[in-house]
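Encoded as structure tokens, the structure appears first; notes follow it.
Letters go in sequence order (proteins before strands), and every chain restarts at 1.
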Amino acid sequence: MIDVRRIRSDYDAVRASLARRGDEGALRDLAQVAELDEKSRQISAERDDLRAQVNGLSKEVGQLRRDGDTAGAEALQEQSRALGEREREVTAASDEIAGQMRDLLLHIPNLPSPDCPDGKGEAENVEVKRVGAGDDPAAWAEHQRVPHWDIGTELGILDLERAVKMSGAMFTMFRGQGATLSRALCQVALDRNADAFEEVRPPTVVLTDTMISTGHLPKFIDDAYHLERDDLWAIPTAEVPLTSLARDEILRGADLPMRLMAQTACFRREAGSAGRDTRGLLRVHEFDKVEILAYATPEQAPALHEELLARAEGLIGALGLTYRVLDLCTGDIGNSSARTFDIEVYAPGVDQWLEVSSVSWFTDYQARRANIRYKVEGVKGNEIAHTLNGSALAVPRVWAALVETHRQPDGTVRIPEILQPYMRGATSIG
RNA sequence: GGAAGGGUGGCAGAGCGGACGAAUGCAACGGUCUUGAAAACCGUCGAGGUGAAAGCCUCCGGGGGUUCGAAUCCCCCUCCUUCCGCCA
């Protein structure tokens, strides 16, 4: 959520910044917020004044009653009653406006960072780095041009048909060494970041407020699984519970940056993408992911953003995959993000770049929603924290790229060295 | 799922219709004393909104109600503790 005070005091700059996203609706909402804010302050001043009068009269009533002046007290009560009625009306109007404002603010996306490249959409993302052969056709052999669903079936490590029998389309099941590989990927991701990140095992199902804090609600309600009976939500990423870990808390400045990581299942309805990438593991409703996240001061945030990216990238590289890093443009960054780098791996079997990690800096947007503050020793007041996070490893697409990339001419899949200890020493599948 | 008790400032804990944003203790901060520290003593000491400021308003788990006036009374919800039930 954007700071209302900033909208008030620096409207043109906020508007210009938001305009870079190319989202007309957001600009309309912003204008409306500014208008409502004006009204809101006026009306709440009126309300406060009425309350002050009622409070004052009530004190006098108390005094008169103690003094035994019943008639005088009753006269004042009469006055106070009339003011009270008016106060109730004004309060109702004020609450109405405050509610509208909050609703609009929750829908307005974050302001992009000045460093975020301009652009209308995906096509204008900036490739900042490429490691390995990429999608150069000359670099890939025939035996690597087999889609992972065929490899999986052939080796008995992927059982999509039965997953669909159990849970419907876009659910998956790994078997045997395929399941072990999935677990190994998560395990290595956790172990590689254990030097600086506290491992957390949060709940996978959360309250509405928890989903609002990260920005997944109310705007993206159609993307989330909801358990109606208990009014709980299945998390789309560990970012959701990890961000709420410090919700409504005041952190100690000395404890920042605070780094957390978690492996969880992630649930996505993929409502807007019906029919796209429906084969194999490219787009699924449930998957495992290791997320790394940090709470920071504004000063610490840029360096942490780089650190998270470096960590995510390091693992992809260590798995022997070819990848590129994209600096997402203003038209493509997520709603809550101010700046995002995506890591995409090239999967030769399906001949596609696959997004496997998204590393974002949310400035104070999520922290303001979640009311996460920090206090610096000796400094008066509390500051809103910054949040950042990224996928250290998301299983399905990495699994897919890995089996395609490391498929040998004989049809077996070579296991990268760093995974072997996590695969009970196995050096290949099949 | 059933029953009982409870949720008050950083912590502990009083208050149970009016002078309560809240006693008291601990912790913290500033000072006196001291070569320094401890102790002792004096003082400060929750958060948010609005305003140039004085001030005013809001917050005693959350929401609603009664009242001129609610931390205090009533209703609903939620969480915690204990007991019972069920259970990996």
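- For the P atoms, the distance from A47(B) to A52(B) is 22 Å, rounded to whole Å.
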Run the side-chain donor-acceptor check on residues 162-178 of chain A: report pairs under 3.5 Å with partners two or more places apart or on a different chain.
unit_1    : atom_1 : unit_2    : atom_2 : d
Arg162(A) : NH1    : Asp159(A) : OD2    : 2.8
Arg175(A) : NH1    : Asp159(A) : OD2    : 2.9

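- The aromatic rings of Phe341(A) and His305(A) sit tilted relative to each other, their planes meeting at an angle between 30° and 60°.
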Checklist entry - Glu96(A) and Gln100(A): side-chain hydrogen bond (donor to acceptor under 3.5 Å, both in side chains), yes or no, with the steps? => result CA-CA 6 Å; Glu96(A) 167 75 22; Gln100(A) 285 174 18; 2.9 Å; yes
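- Note on Arg373(A): only backbone sugar-phosphate atoms sit closer than 4.0 angstrom, heavy atoms only; bases stay farther off.
- Remark: U66(B) base-pairs with no nucleotide in the shown strands. Criterion, Watson-Crick or G-U wobble with two distances under 3.5 Å.
- Shown here, G30(B) forms a base pair with C42(B); the pair counts as Watson-Crick or G-U wobble because both key distances fall under 3.5 Å.
- Taking the six-membered ring for Trp and thresholds of 30 and 60 degrees, Trp399(A) and His148(A) have ring planes more than 60 degrees apart, a perpendicular arrangement.
- Atom C1' of G85(B) sits at a distance of 35 Å from the matching atom of A12(B), rounded to the whole Å.
- Under the side-chain hydrogen bond (donor to acceptor under 3.5 Å, both in side chains) test applied with Thr91(A), the options Arg88(A), Glu87(A), Glu89(A) reduce to a single match, Glu87(A).
- Spacing of P atoms, G15(B) relative to C68(B), comes out at 28 Å, to the nearest Å.
- What separates CG of Asp37(A) from P of G49(B) is a distance of 13 Å, to the nearest Å.
- At a non-hydrogen distance threshold of 4.0 Å, Arg41(A), Asp48(A) from residues 38-50 of chain A come into contact with RNA chain B.
- The distance between atom CG of Asp95(A) and atom P of C59(B), rounded to the nearest whole Å, is 12 Å.
- When the P atom is used for both G64(B) and C83(B), the distance is 36 Å, rounded to whole Å.
- Between Arg8(A) and the phosphate of U50(B), there is a side-chain N or O to OP1/OP2 separation shorter than 4.0 Å.
- Remark: Asn55(A) is in phosphate contact with U58(B), judged by side-chain N or O atoms under 4.0 Å from OP1 or OP2.
- If you check the side chains of Gln263(A) and Arg183(A), you find no donor sitting under 3.5 Å from an acceptor.
- What separates CG of Leu207(A) from P of G62(B) is a distance of 16 Å, to the nearest Å.
- Shown here, G25(B) forms a base pair with C11(B); the pair counts as Watson-Crick or G-U wobble because both key distances fall under 3.5 Å.
- At the heavy-atom level, Ser80(A) lies under 4.0 Å from the strands shown only through sugar-phosphate atoms.
- Pair assignment for U81(B): A4(B), on the basis of Watson-Crick or G-U wobble contacts that are both within less than 3.5 Å.
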